[in-house]
Amino acid sequence: MAKKQNFHESFKEHDEIKGPSNKNFGFTVGGIFGAIGLIKWLIVGHISIISMIFFGLCAVLVGGAAVKPAWLTPLNKAWMKLAMILFHIVNPVIMFLMYAICFIPGGIIMKIVRYDPMHRKFDKDAKSYWVEKKETDLPDPMKYQF
């Protein structure tokens, strides 16, 4: 039985993440492995075991994508599972670092200089906290809300 959602929207299209086609996977990942092998070869100056491994992976993936892309289905699925695992690990770490590097220092600086952009100070003598809006140059401001 399907799980009932309490949303007014349908999120069905987000249930399953579809990876690239086998042909795209083979050419892209194989090309990246080939580039890594070439860079390693150029840095070392001679073909090393590591360069040969990357060239071999490149040949298998690009050859498989060119000859019979269906052979790459298990590799493509495994690659997507690895990508999802990395996503669930790396995404929270990156978001925490962005928060720690951007927002925390900004909040500390605003507290030090006593800047309150939301005007949250309580004033017992204030009759209202309504902020008067200056006039606009639009002829009919409610017509262009968005």
Side-chain angles (χ1 to χ4, degrees), residues 1-123 129-134 136-146:
M1 183 171 185
K3 187 176 176 183
K4 185 174 180 180
Q5 297 280 332
N6 290 329
F7 299 114
H8 66 280
E9 299 177 56
S10 171
F11 293 105
K12 218 171 207 177
E13 66 271 7
H14 301 291
D15 287 346
E16 185 179 333
I17 296 175
K18 295 178 183 171
S21 68
N22 292 332
K23 190 178 265 192
N24 286 343
F25 165 74
F27 285 134
T28 303
V29 177
I32 291 170
F33 282 152
I36 291 171
L38 183 64
I39 290 169
K40 179 71 175 159
W41 179 21
L42 294 174
I43 288 174
V44 173
H46 64 287
I47 294 182
S48 65
I49 299 293
I50 295 172
S51 298
M52 294 299 287
I53 291 171
F54 280 113
F55 286 140
L57 290 171
C58 171
V60 168
L61 289 172
V62 171
V67 175
K68 186 84 169 165
W71 291 342
L72 299 177
T73 301
L75 291 175
N76 193 359
K77 286 184 179 182
W79 190 261
M80 284 305 296
K81 284 183 182 179
L82 176 65
M84 290 307 297
I85 290 169
L86 289 176
F87 165 75
H88 286 295
I89 294 170
V90 172
N91 190 29
V93 171
I94 296 296
M95 295 307 279
F96 170 74
L97 288 175
M98 285 177 55
Y99 179 77
I101 292 171
C102 298
F103 293 105
I104 291 176
I108 290 171
I109 290 169
M110 285 174 31
K111 284 199 184 275
I112 290 172
V113 299
R114 294 190 176 151
Y115 177 65
D116 185 20
M118 291 174 42
H119 308 290
R120 293 176 291 185
K121 289 184 179 176
F122 181 71
D123 184 9
Y129 285 101
W130 186 268
V131 178
E132 289 293 327
K133 185 177 183 310
K134 296 178 185 173
T136 179
D137 58 347
L138 292 174
D140 190 8
M142 293 302 284
K143 185 176 180 184
Y144 303 103
Q145 293 182 50
F146 304 106

Measure the [atom1]-[atom2] distance between [X] and [Y] for me, rounded to the nearest 0.5 Å.
X: Thr28; Y: Leu61; atom1: OG1; atom2: CG; answer: 10.0 Å
X: Cys102; Y: Leu97; atom1: SG; atom2: CG; answer: 10.0 Å
X: Ile89; Y: Ile94; atom1: CD1; atom2: CD1; answer: 12.5 Å
X: Phe96; Y: Ile101; atom1: CZ; atom2: CD1; answer: 9.0 Å

Atom [atom1] of residue position [X] - does it have more than 12 heavy atoms of other residues, nucleotides or ligands inside 6.0 Å?
X: Tyr129; atom1: OH; answer: yes
X: Met52; atom1: CE; answer: no
X: Ile50; atom1: CD1; answer: no

Without placing hydrogens or testing angles, list every side-chain donor-acceptor pair under 3.5 Å for residues 73-82, not counting sequence neighbours.
| from | atom 1 | to | atom 2 | distance (Å) |
| --- | --- | --- | --- | --- |
| Thr73 | OG1 | Asn22 | ND2 | 2.8 |
| Thr73 | OG1 | Ala70 | O | 3.0 |
| Asn76 | ND2 | Pro20 | O | 2.8 |
| Asn76 | ND2 | Asn22 | OD1 | 3.0 |

Report task. Could you pull out all residues at least two apart from Phe55 that satisfy ring pair (Phe, Tyr, Trp, His ring centres under 6.0 Å)? Result -> none
Requested in this report: List for me each residue that meets ring pair (Phe, Tyr, Trp, His ring centres under 6.0 Å) alongside Phe33, sequence neighbours excluded, and say none if there are none.
Outcome: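 Testing Phe33 for ring pair (Phe, Tyr, Trp, His ring centres under 6.0 Å), a comparison that skips the adjacent residues, returns Phe54.
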Query raised in the report: Can you name the nearest heavy-atom pair linking Gly26 to Ala65, along with the distance?
Result: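 Smallest interatomic distance, heavy atoms only, reads CA-CB, 3.8 Å.
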Query raised in the report: Which pairs, with at least one residue in residues 83-98 and sequence neighbours excluded, count as a side chain to side chain donor-acceptor pair (under 3.5 Å)?
Result: none
Query raised in the report: What pairs of residues pass the side chain to side chain donor-acceptor pair (under 3.5 Å) test when at least one of them lies in residues 31-58, not counting sequence neighbours?
Result: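 Side chain to side chain donor-acceptor pair (under 3.5 Å) check on residues 31-58 returns Ser48-Ser51.
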Please report, to 0.1 Å, the donor-acceptor pairs under 3.5 Å made by any side chain of residues 104-120, with sequence neighbours excluded.
| from | atom 1 | to | atom 2 | distance (Å) |
| --- | --- | --- | --- | --- |
| Asp116 | OD1 | Arg120 | NE | 3.2 |
| Asp116 | OD2 | Arg120 | N | 2.5 |

